[in-house]
There are 2 protein chains.
Amino acid sequence: MSVTIYDVAKKANVSMATVSRVINGNTNVKPTTRKKVLAAIDELGFRPNAVARGLASRKTTSVGVIIPDISNMFFAELARGIEDIATMYKYHIILSSSDQNLNRELDLFDNMLEKQVDGVIFMGGSVSEDHVKAFKNSNIPVVLAATVDESNEIPSVNIDYYTAIQDAVHHLIEEGGHQTIGYVANHSRSTIEQSKIQGFKDKLEKQQLEVPNHLIYEGDDTYQSGLKAADYFLGLDEAPSAIMTSSDEMALGVVHGAQDKGLKIPDDLSVVGFDNTRLSVMVRPELTTVVQPMYDIGAVSMRLLTKLLKNEEVSEDQVVLPHRIIKRSSTNH
Amino acid sequence: MSVTIYDVAKKANVSMATVSRVINGNTNVKPTTRKKVLAAIDELGFRPNAVARGLASRKTTSVGVIIPDISNMFFAELARGIEDIATMYKYHIILSSSDQNLNRELDLFDNMLEKQVDGVIFMGGSVSEDHVKAFKNSNIPVVLAATVDESNEIPSVNIDYYTAIQDAVHHLIEEGGHQTIGYVANHSRSTIEQSKIQGFKDKLEKQQLEVPNHLIYEGDDTYQSGLKAADYFLGLDEAPSAIMTSSDEMALGVVHGAQDKGLKIPDDLSVVGFDNTRLSVMVRPELTTVVQPMYDIGAVSMRLLTKLLKNEEVSEDQVVLPHRIIKRSSTNH
DNA sequence: TTGAAAGCGCTAACAA
DNA sequence: TTGTTAGCGCTTTCAA
């Protein structure tokens with residue numbers, strides 16, 4: 001059996017309440033008493049039981065994190081941002097991958113409630129009414145990271161995807177002089193992807209450029225589908241001279257797909273990525289890309305959650321972080 | 001206040017013990033009673049409190065996972081393997097990144113003990129005596145994933161790094177005809193890295209080839225240090241015609257570093273990676289690499305842990321998974 | 001500044 | 001098949 005607060009109390013000749021005060025840093029303890037207790041703790045190798053504490057205090061100092069897939073570099077960076085801030089505020093993280101499966105997302109959330117997490121950071125493709133209902137009924141704060149809820153009822157941290165894509169396309173049109181631009185979308189058709197597609201279309205239409213449906217290719221966010229997208233676009237009668245993508249990984253696929261066909265990037269084809277993951281400089285030429293600061297999104301989300309947890313004043317719970325375009329060598333300009 | 005087992009009992013006109021039996025799937029309950037209880041649970045929206053359960057049963061069904069850095073693709077894959085099996089066995093994962101800092105590793109382990117995790121999966125550069133002592137004194141099972149403990153006292157899952165490197169070098173020598181081979185090591189000098197270096201040296205010496213110290217470059221496991229390694233090796237008077245690396249990411253750096261200098265891979269230089277991460281096919285030419293099945297290592301580690309947790313028979317607790325060389329186009333053969 | 005005592009919500013003997 | 005009764009190890013009033 002392990003050492004309890006009770007054993008410590010006996011050893012130090014005080015009551016368990018005093019021991020509890022000491023381990024919780026309560027100031028109402030006489031220094032000498034504190035010293036005595038600390039000595040006993042040390043001697044016995046006492047280690048507080050967080051589960052018992054959680055039951056008694058109704059606080060577990062752990063937060064749930066639900067993300068699509070931890071093995072994806074993109075989400076992993078987000079997770080790291082969350083973790084670093086969580087550590088700073090002494091929270092533990094219970095991590096689960098959902099594979100963007102709605103029911104699994106809801107199940108995981110439920111499991112986390114059973115575990116009595118103090119709060120949750122959620123990342124997923126879309127936020128259904130069921131999600132919102134579950135989040136609101138839970139009585140714990142939930143923050144959406146890189147995930148938009150159209151009802152705006154749940155606190156969230158994002159960038160402005162609509163404008164971000166437009167900025168990238170602007171670069172292609174104005175600095176590259178491109179007229180025909182393809183877009184490699186993510187077939188998930190998440191709320192965010194919808195914004196991106198809409199931004200893409202609106203921008204081109206504003207420039208009097210057409211966006212026939214065949215200029216939008218549905219990828220699945222993998223390198224392989226980037227390869228296929230290149231195949232597809234370059235086989236078109238009127239092949240685009242620039243390709244915008246919804247992620248760096250697909251952009252890498254497009255670059256290599258085009259190079260495999262003998263094209264020179266960016267002379268024959270410009271390619272733009274999205275996210276600015278570490279991947280974007282691990283290719284030749286290096287990728288022009290939209291910076292989505294995943295680590296920061298994670299960190300800011302967690303920070304926001306800690307405020308919610310401590311009932312601190314939160315001036316704005318729909319946080320929009322700045323984005324920007326990094327121009328490297330995969331586009332002409 | 002939330003609904004408790006007690007409320008359910010009252011509603012269903014049974015004792016709390018019966019409710020407990022129902023939610024735990026105990027078979028000693030009359031079907032009609034079970035139905036009554038289930039109905040009450042449903043009606044009240046009862047959700048069992050895992051913390052209370054954990055305190056009473058001394059089992060939390062959660063396991064701690066300590067890895068160097070979740071934002072590293074390599075570790076993230078391991079984490080996913082762990083997670084999938086954990087989910088399968090209904091365990092939750094408490095995840096923490098250690099940055100390979102020994103003290104932090106020990107701290108994290110301690111924190112996890114406070115949280116009363118049922119077991120821990122540990123991954124780190126080296127396992128000191130303090131680690132072994134902490135693990136053994138903890139009274140919970142610990143499994144090392146892709147991490148070797150020279151004392152062999154802690155269950156672990158690995159591949160044979162020594163032989164793996166030798167197989168790769170063998171390929172370089174026998175099929176590529178290389179005489180001068182450089183090695184990009186990981187400066188962490190982890191136990192595993194030591195094995196790799198030793199394997200590298202022994203293999204070359206067996207072939208009567210020299211291994212002067214300047215043919216071993218200390219990288220830091222990043223793409224950037226691969227770039228620098230290429231710079232270094234190609235600036236040597238007697239530049240190697242092949243470079244072995246300790247990770248795919250560094251291999252990618254070497255490939256691009258060499259290409260930036262106008263060399264053709266593999267005609268002018270052969271490059272071999274390590275791990276077979278997804279990165280290895282995201283480069284031209286695609287990487288010849290040593291397959292270290294990270295997902296499997298994670299999955300097998302977790303499976304082993306569940307056996308330990310359930311006191312199942314474990315025939316061998318020092319698991320060595322098979323490795324192999326995938327020959328792609330970054331080496332001549 | 002300290003102690004006594006009542007829970008937190010559940011499991012697990014033990015009895016019935 | 002069901003109920004009774006102790007805890008699990010801690011926090012948190014309330015009193016002293």
Side-chain angles (χ1 to χ4, degrees), chain A residues 1-38 40-41 44-62 90 111-118 139-140, chain B residues 1-38 40-41 44-62 90 111-118 139-140:
Chain A
M1 215 82 316
S2 50
V3 183
T4 74
I5 202 178
Y6 202 80
D7 302 322
V8 176
K10 203 182 292 175
K11 182 118 203 162
N13 260 317
V14 294
S15 74
M16 56 184 301
T18 300
V19 178
S20 174
R21 286 186 190 102
V22 170
I23 61 182
N24 286 301
N26 188 315
T27 46
N28 291 333
V29 181
K30 195 160 59 169
T32 33
T33 318
R34 179 185 305 280
K35 218 160 271 173
K36 235 178 13 181
V37 173
L38 254 16
I41 286 178
L44 296 173
F46 167 75
R47 174 183 293 130
N49 180 325
V51 171
R53 172 179 291 174
L55 183 58
S57 69
R58 299 148 162 293
K59 292 263 164 288
T60 54
T61 59
S62 60
K90 311 261 184 233
N111 287 333
M112 288 180 173
L113 291 182
E114 287 189 10
K115 292 268 178 179
Q116 313 298 117
V117 295
D118 295 341
N139 286 320
I140 60 169
Chain B
M1 213 83 313
S2 52
V3 184
T4 74
I5 203 176
Y6 203 79
D7 303 321
V8 175
K10 202 184 293 178
K11 181 115 200 165
N13 260 316
V14 295
S15 73
M16 56 183 299
T18 300
V19 177
S20 173
R21 285 183 190 106
V22 170
I23 61 183
N24 288 300
N26 187 314
T27 48
N28 291 334
V29 181
K30 198 160 58 167
T32 34
T33 320
R34 177 185 306 280
K35 219 159 272 172
K36 240 183 357 187
V37 173
L38 255 17
I41 286 177
L44 296 173
F46 167 77
R47 172 184 294 129
N49 181 325
V51 172
R53 174 180 290 173
L55 182 57
S57 68
R58 299 148 162 291
K59 292 261 162 290
T60 54
T61 60
S62 60
K90 311 263 184 232
N111 287 333
M112 289 180 174
L113 291 183
E114 286 190 9
K115 290 268 177 180
Q116 314 297 121
V117 296
D118 294 343
N139 285 321
I140 60 169

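On a predicted model such as this, the values are computed, not experimentally measured, just so you know. All values below come from the heavy atoms of this structure, side chains included, with hydrogens, waters and symmetry mates left out.
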Among [options], find the nucleotide with the atom closest to the side chain of [X].
{"X": "A:Ile23", "options": "D:dT11, D:dC8, D:dG3", "value": "D:dT11"}
{"X": "A:Asn49", "options": "D:dG9, D:dT5, D:dT11", "value": "D:dG9"}
{"X": "B:Asn24", "options": "D:dT1, C:dT11, C:dG7", "value": "C:dT11"}
{"X": "A:Lys30", "options": "C:dT1, D:dG9, C:dC10", "value": "C:dT1"}
{"X": "B:Ala17", "options": "D:dC10, C:dT2, D:dG3", "value": "D:dG3"}

>> I'd like to know if the side chain of A:Asp7 and the backbone of A:Thr4 have a donor-acceptor N/O pair within less than 3.5 Å.
In response: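 Checked: pair present.
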
> Checking A:Thr18 side chain against A:Val14 main chain: does a donor-acceptor pair fall under 3.5 Å?
Replying inline: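 Here the side-chain-to-backbone pair does not exist.
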
> With nearest nucleotides of DNA chain D determined for B:Ser57 and B:Val29 from heavy-atom distances, which residue corresponds to the more 5′ nucleotide?
Replying inline: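 Closer to the 5' end of DNA chain D: B:Val29.
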
> Where each residue is assigned the nucleotide of DNA chain D containing its nearest heavy atom, which of B:Ala52 and A:Ser20 is assigned the position nearer the 5′ end?
Replying inline: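 Per heavy-atom nearest nucleotide, the more 5' residue is B:Ala52.
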
Using whole Å, report how far [atom1] of [X] lies from [atom2] of [N].
{"X": "B:Asp7", "N": "C:dC8", "atom1": "CG", "atom2": "P", "result": "11 Å"}
{"X": "A:Lys35", "N": "C:dT1", "atom1": "NZ", "atom2": "P", "result": "14 Å"}
{"X": "A:Arg58", "N": "C:dC8", "atom1": "CZ", "atom2": "P", "result": "7 Å"}
{"X": "A:Leu55", "N": "D:dC8", "atom1": "CG", "atom2": "P", "result": "13 Å"}
{"X": "B:Ile5", "N": "D:dG7", "atom1": "CD1", "atom2": "P", "result": "19 Å"}
{"X": "A:Asp118", "N": "C:dC8", "atom1": "CG", "atom2": "C1'", "result": "15 Å"}
{"X": "B:Ile41", "N": "C:dG9", "atom1": "CD1", "atom2": "P", "result": "16 Å"}
{"X": "B:Tyr6", "N": "D:dT5", "atom1": "OH", "atom2": "C1'", "result": "12 Å"}

Reckon [X] has a side-chain N or O less than 4.0 Å from the OP1 or OP2 of [N]?
{"X": "A:Thr18", "N": "C:dT2", "result": "no"}
{"X": "B:Thr4", "N": "C:dG9", "result": "no"}
{"X": "B:Thr33", "N": "D:dT2", "result": "yes"}

>> Over all strands shown, is B:Val51 touching base, sugar-phosphate only, or nothing at heavy-atom distances under 4.0 angstrom?
In response: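 Contact class for B:Val51: none.
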
> Between B:Ile23 and B:Arg53, does a side chain to side chain contact (heavy atoms under 4.5 Å, CB included) hold up when you go through it step by step?
Replying inline: CA-CA 11 Å; B:Ile23 61 183; B:Arg53 174 180 290 173; 3.8 Å; yes

> Side-chain contact, heavy-atom cut-off 4.5 Å: A:Asn49 with B:Gln116?
Replying inline: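 A side-chain contact exists here, since the closest heavy-atom pair is under 4.5 Å.
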
>> Check this for me: does the side-chain of A:Arg21 come within 3.5 Å of the base of C:dG3 through a donor and an acceptor?
In response: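 Yes, a donor-acceptor pair under 3.5 Å.
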
>> side chain to side chain contact (heavy atoms under 4.5 Å, CB included), that's the test. Do B:Lys115 and A:Thr61 meet it? Break it down for me.
In response: CA-CA 10 Å; B:Lys115 290 268 177 180; A:Thr61 59; 3.2 Å; yes

